[in-house]
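Hydrogens, waters and symmetry mates are skipped; everything else that's a heavy atom, side chains included, is used. Because the structure is a prediction, the values reported are computed rather than measured. Order of the sequence lines sets the chain letters (A, B, ...), proteins ahead of strands, with each chain counted from 1.
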There are 2 protein chains.
Amino acid sequence: MASRRNEINSIEIARLAGVSRSTVSRVVNNYPNVPPETREKVMRIIEEYNYFPNMSAQVLAGKKTRTIGLFLVDAGHVAGDILANMLISSVIENASGCGYYVLTHILRSTADGDAVRRVKEIFYQRRIDGGIFIGAPNEEPLIESLIAEGFAVGIVDQHLPGKSDPNRLVVNFDNATGMDLAVGYLAELNHRNIGIINGAMNRFSGPDKYESFLRAMERRGLAVNPDWVLPGDFHESAGYEAISRLLASGKPLPTAIIAANDSVAFGAMKALKAHGLRVPDDLSIIGFDDHVLSAMQHPALTTVRVDFDLLMKQLTDGLIRYIETGAAFTEPYVAPSELIIRDSCRSL
Amino acid sequence: MASRRNEINSIEIARLAGVSRSTVSRVVNNYPNVPPETREKVMRIIEEYNYFPNMSAQVLAGKKTRTIGLFLVDAGHVAGDILANMLISSVIENASGCGYYVLTHILRSTADGDAVRRVKEIFYQRRIDGGIFIGAPNEEPLIESLIAEGFAVGIVDQHLPGKSDPNRLVVNFDNATGMDLAVGYLAELNHRNIGIINGAMNRFSGPDKYESFLRAMERRGLAVNPDWVLPGDFHESAGYEAISRLLASGKPLPTAIIAANDSVAFGAMKALKAHGLRVPDDLSIIGFDDHVLSAMQHPALTTVRVDFDLLMKQLTDGLIRYIETGAAFTEPYVAPSELIIRDSCRSL
DNA sequence: CTGAAAGCGCTTACAG
DNA sequence: CTGAAAGCGCTTACAG
């Protein structure tokens with residue numbers, strides 16, 4: 001604690017090296033107009049005294065913070081959400097590779113005014129140079145207001161036709177291909193009665209997956225039975241409840257169900273098990289994401305894998321590039337999908 | 001971008017409210033010596049203009065950053081490490097509850113000079129008010145130098161007798177109790193030939209678990225066979241290799257093995273399976289941590305659960321309290337252990 | 001190639 | 001209760 005008092009600053013380094021603060025700043029910032037001998041002389045002192053420029057002073061004088069914010073929306077108890085955690089680490093590692101830091105923030109709900117205010121504060125305070133949002137509704141006023149203010153914001157899963165601000169950087173999942181893969185695979189296994197448990201419809205990927213489902217079914221001449229279009233969201237409980245309700249309704253079952261994501265599929269499988277039904281014998285199931293736990297389910301879950309790590313890398317790198325150069329995405333990036341066949345679907 | 005130009009500042013707010021910057025600052029900082037009417041008048045303008053004080057200016061003028069650093073050491077590819085991710089979220093959520101932000105940083109190795117320098121930089125730059133280290137060796141020069149410089153540092157898993165700087169805040173696992181629970185349980189099941197796969201011996205919990213194992217065995221009059229004391233670390237691969245080597249040696253097997261943590265136990269189980277041995281029929285196994293995947297193993301893994309969330313809460317809250325008031329831990333916190341009995345141990 | 005000086009936007013004694 | 005002013009530690013035109 002005591003030693004915190006005499007922090008060394010650029011004036012002190014300048015004195016010690018026999019130059020001006022300007023020159024110290026020039027070598028710290030690696031400017032070209034410093035002769036090698038001067039640079040070396042100053043560097044020696046800097047290293048000898050363990051000098052690191054005070055970040056607040058640098059930022060106040062016009063430098064960037066080299067920090068990006070990462071905002072997880074509606075993540076429930078995130079500490080338990082494996083996928084959300086993966087995304088956090090992915091952003092941290094990618095940003096770190098660019099010499100950037102990540103300030104992670106969890107936002108329970110965008111309906112909570114205080115919570116929204118706290119997010120705005122982070123931007124307005126200039127704590128960060130830009131931020132990434134994961135899990136936000138497709139048209140989220142908080143995000144729109146931030147973009148309108150000119151802040152650099154990266155968004156996962158959004159589609160707002162017509163909006164194309166340069167400071168709005170968007171990446172998406174290739175839901176159309178993924179859903180086509182899923183439906184196509186089930187069709188190959190001779191399924192004709194295929195249902196879906198939808199995701200959250202206020203997020204872009206919710207309706208996008210649903211519409212992709214409709215198109216994929218139509219393309220194969222398969223009818224969509226409204227009784228088998230089950231409302232849900234992206235959580236496990238939604239899958240459990242959707243199946244429980246369907247079972248309770250007494251209506252006939254489809255032979256296969258596509259879940260909006262793997263968590264939903266887990267819930268659906270639990271509900272089926274709880275009612276004495278077997279997967280895939282009584283019902284085939286396909287999920288989305290390829291969650292870490294998917295391969296460990298019983299049966300192992302067939303799913304459409306999304307390369308989240310790559311997706312986050314594109315977004316993080318893109319955001320940093322925008323911050324540094326003002327270069328916007330030329331076109332929205334879309335993560336490829338891949339069908340991972342395991343044991344949760346059977347041939348009819 | 002354009003709107004970024006005319007950021008509003010305290011001078012502007014002062015002008016609009018018809019007061020001085022000093023007064024604006026007083027209401028922003030909630031100082032008592034401002035009459036209610038003045039406060040309201042200023043607050044109205046602040047809200048109307050969406051004014052948030054520039055953080056760098058505040059810090060430069062003497063305020064705290066309200067940010068803590070979280071440093072994950074030797075975390076391999078952290079994006080894939082579920083447990084590490086839980087710890088990150090736990091710290092973020094706890095800090096957020098105190099109005100603090102978390103800057104997470106991943107440190108491959110404390111042997112990498114550049115990596116170490118980058119960590120130091122974060123502290124010296126005053127980017128953070130303090131930092132938490134997870135996974136560092138027990139006596140880590142980087143940490144010691146930071147503490148010597150007076151920085152506030154929280155540490156998970158450390159024991160350095162005699163060192164008791166107020167700015168060194170330590171939490172530990174209750175390895176002694178946990179190991180006693182594990183050995184006691186196996187002894188009850190009539191196991192006498194018990195082995196151990198050790199953790200990393202440069203971390204405190206490595207040797208601490210081992211010594212606790214020796215004591216727990218001795219307490220029950222059980223002999224420790226050196227052939228069954230297997231070197232390892234805290235990764236899954238160490239468990240796999242330890243068992244593979246033991247099997248390859250042709251030496252007799254113990255009837256039970258305690259793994260330094262659950263990841264190691266997973267590796268051990270895989271190795272046994274690969275050699276056609278069954279758990280618990282041929283060998284009983286106990287892990288430590290109660291990893292998310294432990295209950296999903298085949299057989300489900302019996303383990304000593306550690307309440308990581310509580311542990312991180314104690315540390316995070318303690319660190320923030322120290323930053324704000326200078327109050328040190330009165331005594332190192334120790335997380336309680338609990339035996340979770342599942343299916344990986346059999347009675348002899 | 002280099003230094004003196006202004007300026008970044010706050011907070012905080014100090015004086016009244 | 002309130003304002004004028006110094007100071008926090010940098011960077012960056014500007015002038016030479």
Ion pair present between A/Glu121 and A/Arg118, side-chain N to carboxylate O less than 4.0 angstrom? no
Quickly work out the A/Glu7 CD to D/dG7 C1' distance and round it to whole Å. 15 Å
Indicate whether OP1 or OP2 belonging to C/dC1 is found under 4.0 Å from a side-chain N or O atom of A/Thr23. no
Within residues 34-50 of chain B or reaching into it, pairs that qualify as side chain to side chain donor-acceptor pair (under 3.5 Å) - sequence neighbours excluded: none
Need one value for B/Asn33: base, sugar-phosphate or nothing, where a base atom within 4.0 Å counts as base even if backbone is also close, heavy atoms only. base
Rounded distance in Å - CD1 (B/Ile13) to P (C/dG9): 13 Å
Between A/Asn138 and A/His159, the two heavy atoms sitting closest are OD1-N, 2.8 Å
Dump the pairs, protein N or O against N or O of nucleotides 13-16 of chain C, anything under 3.5 Å, distances to one decimal.
none

Taking D/dA5, D/dG9, D/dC1 as options, the one with an atom nearest any side-chain atom of B/Arg21 is D/dA5
Distance in angstrom units between B/Arg126 CZ and D/dC8 P, rounded: 15 Å
Under 4.0 Å between a side-chain N or O of B/Ser56 and OP1 or OP2 of C/dC8? no
Compare the minimum distances between each of D/dG7, D/dT11, D/dT2 and the side chain of B/Ala61, then state the nucleotide with the smallest one. D/dG7
Whole Å only: how far is the CG atom of A/Leu60 from the P atom of D/dC10? 12 Å
Identify whether the distance between the nearest side-chain nitrogen and carboxylate oxygen of B/Glu149 and B/Lys120 falls below 4.0 Å. no
Could you state the CZ-P distance from A/Arg15 to C/dG3, rounded to the nearest angstrom? 15 Å
Regarding the side chain of A/Val19, the nearest nucleotide among C/dG3, D/dC8, D/dC10 is C/dG3
Rounded distance (nearest 0.5 Å) linking atom CG of A/Leu142 with atom CD1 of A/Ile147: 9.5 Å
With the side chain of B/Lys63 defined as its heavy atoms from C-beta on, choose the nearest nucleotide among C/dT12, C/dA6, D/dA5. C/dT12
From CD1 of B/Ile11 over to P of D/dG3, roughly how many Å is that when rounded to an integer? 14 Å
At less than 4.0 Å, is any side-chain N or O atom of B/Tyr124 found next to OP1 or OP2 of D/dG9? Yes or no. no
With a 4.5 Å limit on heavy-atom distance, are the side chains of A/Leu160 and A/Arg168 in contact? yes
Geometric class of the B/Phe123/B/Phe71 ring pair [parallel <30°, tilted 30-60°, perpendicular >60°]: parallel
Should B/Arg126 and A/Glu7 count as an ion pair when the cut-off is N to O under 4.0 Å? yes
Counting just side-chain N and O atoms, does A/Asn9 come under 4.0 Å of either OP1 or OP2 of D/dC8? no
So what does B/Asn54 hit on the nucleic acid, given a heavy-atom distance under 4.0 Å: a base, only sugar-phosphate, or nothing? sugar-phosphate
Would you kindly give the CD-to-P distance between A/Glu37 and C/dT2, to the nearest whole Å? 9 Å
Measuring to OP1 and OP2 of C/dT2, would you say a side-chain N or O of A/Tyr31 lies under 4.0 angstrom away? no
Using heavy-atom distances to pick each residue's nearest nucleotide on DNA chain D, tell me which of B/Ser20 and A/Pro53 is more 5'. B/Ser20
To the nearest angstrom, how far is A/Lys64 atom NZ from D/dT12 atom C1'? 16 Å
Heavy atoms under 4.0 Å, any strand shown: does B/Ser25 hit a base, just sugar-phosphate, or nothing? base
side-chain hydrogen bond (donor to acceptor under 3.5 Å, both in side chains) partners of B/Thr110, counting only residues at least two apart: B/Glu140
Taking only the side-chain nitrogens and oxygens of A/Ser10, find out if one of them lies under 4.0 Å from OP1 or OP2 of D/dC10. yes
As its Watson-Crick or G-U partner within any shown strand, both distances under 3.5 Å, D/dA13 has none
Need the pair for D/dA4. Rule: Watson-Crick or G-U wobble, both distances under 3.5 Å, any strand; none if unpaired. none
